[in-house]
Amino acid sequence: MNIRIRLLITSLILTLGVVNTSQAQSTTAPSKSEEEKELKQNATKKPSPHSHVQEKTGIPQTAPKELSAEEKAKNKKLHSHQRDAK
């Protein structure tokens, strides 16, 4: 008997929760024209280059500068092997 009451109560709670969420979604759902406007606005905007590290830490990030061929040849930090034909 105790299990039946628990099942009845949980089923009622779940049913009420589903009904409440469906009503809330139906009253706040934007119209199709508003959705289409937002899609058009978002499609025309280009995403700006950004760094996820900067978003998380707040420390500004900069991209490394491009090296010329001479600088690449002088750079001893680059690791090259003969097998790579470098």
Side-chain angles (χ1 to χ4, degrees):
M1 185 78 166
N2 194 10
I3 294 174
R4 289 182 184 173
I5 293 172
R6 286 184 184 176
L7 288 174
L8 179 64
I9 291 172
T10 54
S11 64
L12 286 173
I13 291 171
L14 290 174
T15 305
L16 290 174
V18 169
V19 169
N20 286 339
T21 56
S22 65
Q23 287 177 352
Q25 289 176 353
S26 65
T27 58
T28 60
S31 66
K32 289 184 180 181
S33 62
E34 291 176 5
E35 290 177 356
E36 290 174 358
K37 288 179 185 177
E38 288 181 22
L39 288 175
K40 287 180 183 178
Q41 288 176 351
N42 291 338
T44 58
K45 293 180 183 177
K46 290 184 178 179
S48 62
H50 64 282
S51 170
H52 294 279
V53 175
Q54 184 172 348
E55 291 174 4
K56 291 180 181 179
T57 62
I59 300 170
Q61 303 290 313
T62 57
K65 67 174 189 169
E66 290 292 325
L67 298 176
S68 66
E70 293 176 4
E71 291 175 332
K72 286 182 183 178
K74 291 179 183 178
N75 192 352
K76 300 295 182 185
K77 292 181 182 178
L78 294 176
H79 189 78
S80 61
H81 290 280
Q82 289 179 339
R83 68 171 183 256
D84 296 334
K86 288 186 177 181

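Atoms considered below: every heavy atom in the structure, side chains included; atoms not considered: hydrogens, waters and symmetry mates.
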Legend entry - Distance, nearest 0.5 Å, that separates CD of Q61 from NE2 of H52: 12.0 Å
Legend entry - For L12, all residues meeting side-chain contact (heavy atoms from CB on, under 4.5 Å), sequence neighbours excluded: L8
Inset, instruction - Taking all non-hydrogen atoms of both residues into account, name the closest pair between L7 and T10 and its distance. - result: O-OG1, 3.0 Å
Legend entry - Member of I9, N2, I3 meeting the side-chain contact (heavy atoms from CB on, under 4.5 Å) criterion with R6: N2
